[in-house]
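Take a look at the structure set out below.
Excluded from the calculations below are hydrogen atoms, water molecules and symmetry mates; all remaining heavy atoms, backbone and side chain alike, are included.
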Amino acid sequence: VQRRAIQYLGVHGSTENRAILADIYTSTSDIDIKRQILRSFMVAGDKARLLTAANTEKTPELRQDAVRQLGAMGAREELWQMYQKETAVQVKRQILQALFVAGEAQRLIEVANSEQNPELRMRAVQHLGTMGRTKTGDALVGIYAKEKHTDIKRRVINSLFTQNNAEALVAIARKETDPTLRRDLVQKLSTMRNK
């Protein structure tokens, strides 16, 4: 019954209903109910309450849920501000996913170029690969050219392959001196239907 009531309040997202949901959120310890309330905030367009949960919630799963909902709302600038302040890698990962969902290629390029944590850089590169070559192909080639970390270079190769970006892979292969990476590039190119 409580879940149905939450759905109803979320769909009919008046200011008063959102205030009721916020009260329920703070008074319950049931994670499933809190998740449902976060979804209701997203449906109601209540970015402020989602942002508060994403920044202050003690339960990591709920913080990540709030971040996910912000991504679905297209809260690009808010997510980027959170990313810069965040210290938990798990939450940063979710913010990258939310930036991807929000279509924020420029911030993902920035992370791929400057993030200290290699795993997060690889995540950003992976997301860029699925965003389409016209939007991110040149940026991926630039990332590859500057990158020293072999695993991240491989991730760039995979991302360009995902984009079916044979031209970029050929350009990289011509300049690559590492025999293992060249073999990876040639292998990817050999499976593509591209002259």
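A heavy-atom distance below 4.5 Å is found between the side chains of Val125 and Ser159. Between Arg35 and Asp32 the shortest side-chain heavy-atom distance falls below 4.5 Å. Gln64 is not listed as a side-chain neighbour of Gln97, based on a closest heavy-atom distance of 4.5 Å or more. The closest side-chain heavy-atom distance from Asn165 to Leu169 is not below 4.5 Å. Within the 4.5 Å cutoff, side-chain heavy atoms of Met82 are placed close to those of Leu51. Contact of the Thr191 side chain with the Phe161 side chain is registered, since non-hydrogen atoms from C-beta on lie closer than 4.5 Å. By the 4.5 Å heavy-atom criterion applied to side chains, Pro60 and Val91 are not counted as neighbours. With contacts defined as side-chain heavy-atom distances shorter than 4.5 Å, the pair Trp80/Glu104 does not qualify.
If you take CZ on Arg182 and OG1 on Thr177, they are separated by 8.5 Å, rounding to the nearest 0.5 Å. Note: Leu140 CG to Ile109 CD1 = 7.5 Å, rounded to the nearest 0.5 Å. To the nearest 0.5 angstrom, Ile157 atom CD1 is 12.0 Å from Arg155 atom CZ. Separating the CD1 atom in Ile37 from the CD1 atom in Ile24 is a distance of 5.5 Å, to the nearest 0.5 Å. A distance of 12.0 Å separates NZ in Lys34 from CG in Asp65, rounded to the nearest 0.5 Å. In this structure, CG in Asp151 is found 5.0 Å from CE in Met122, a value given to the nearest 0.5 Å.
The aromatic rings of Phe100 and His127 lie parallel to each other, with less than 30° between the two planes, well short of the 60° mark.
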Full working for salt bridge (Lys or Arg N to Asp or Glu O under 4.0 Å) between Glu176 and Arg183 | CA-CA 10 Å; Glu176 184 55 67; Arg183 192 169 39 249; over 6 Å; no

Which is it for Lys148 and Lys153 under the side-chain contact (heavy atoms from CB on, under 4.5 Å) test, yes or no, and what are the steps along the way?
-> CA-CA 8 Å; Lys148 304 282 186 251; Lys153 283 187 161 203; over 6 Å; no

Stepwise side-chain hydrogen bond (donor to acceptor under 3.5 Å, both in side chains) check, Gln163 with Thr136 | CA-CA 9 Å; Gln163 291 181 345; Thr136 64; 2.7 Å; yes

Asn158 and Lys188: CA distance, side-chain angles, deciding distance, side-chain hydrogen bond (donor to acceptor under 3.5 Å, both in side chains) verdict | CA-CA 8 Å; Asn158 287 336; Lys188 293 284 188 218; 3.0 Å; yes

Determine, step by step, whether Glu147 and Arg121 satisfy the side-chain contact (heavy atoms from CB on, under 4.5 Å) criterion, reporting the C-alpha distance in whole Å, the side-chain angles of both residues, the deciding distance to 0.1 Å, and the verdict.
-> CA-CA 10 Å; Glu147 188 55 58; Arg121 285 205 332 265; 2.6 Å; yes

Could you give me the CA-CA distance, side-chain angles and deciding distance for Tyr25 and Leu38, then say whether side-chain contact (heavy atoms from CB on, under 4.5 Å) is met?
-> CA-CA 9 Å; Tyr25 188 91; Leu38 291 173; 3.9 Å; yes

side-chain contact (heavy atoms from CB on, under 4.5 Å) assessment of Phe41 paired with Gln69 = CA-CA 8 Å; Phe41 287 154; Gln69 302 305 333; over 6 Å; no

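Under the 3.5 Å distance criterion, with hydrogens and angles disregarded, a donor-acceptor pair is assigned to the side chains of Tyr83 and Glu115. For the residue pair Thr162 / Gln126, no side-chain donor-acceptor distance below 3.5 Å is found, with atom types taken as modelled. No side-chain N or O of Lys85 forms a donor-acceptor pair with one of Asn55 less than 3.5 Å apart.
Taking each heavy atom of Ile95 and Leu79 in turn, the nearest pair found is CG2-O, 3.5 Å. Contact between Ala105 and Leu128 at its shortest, heavy atoms only, is O-CD2, 3.8 Å. Closest heavy-atom contact between Ile152 and Pro118: CD1-O, 3.9 Å. Nearest heavy-atom pair, Ala19 versus Arg49, reported as atom, atom and distance to 0.1 Å: CA-NH2, 3.8 Å. Nearest heavy-atom pair, Leu70 versus Ala54, reported as atom, atom and distance to 0.1 Å: CD1-CB, 4.0 Å.
For the pair Arg154 (side chain) and Leu181 (backbone), a donor-acceptor distance under 3.5 Å is absent. Checked by atom type and distance alone, the side chain of Arg107 never pairs as donor or acceptor with a backbone atom of Arg76 at under 3.5 Å. The backbone N or O of Glu61 sits nowhere less than 3.5 Å from a side-chain atom of Thr59 that would complete a donor-acceptor pair.
Salt bridge status for Glu86 with Arg63: present, with a side-chain N to carboxylate O gap under 4.0 Å.
Heavy atoms from other residues, nucleotides or ligands lying under 6.0 Å from CG of Asp178 number more than 12. The 12-atom threshold is exceeded at CD of Gln81, counting heavy atoms of other residues, nucleotides or ligands nearer than 6.0 Å.
Val156 and Val186 sit in two unconnected hydrophobic clusters of ILVMFWY residues. Membership requires side-chain heavy atoms under 4.5 Å apart, directly or through other members.
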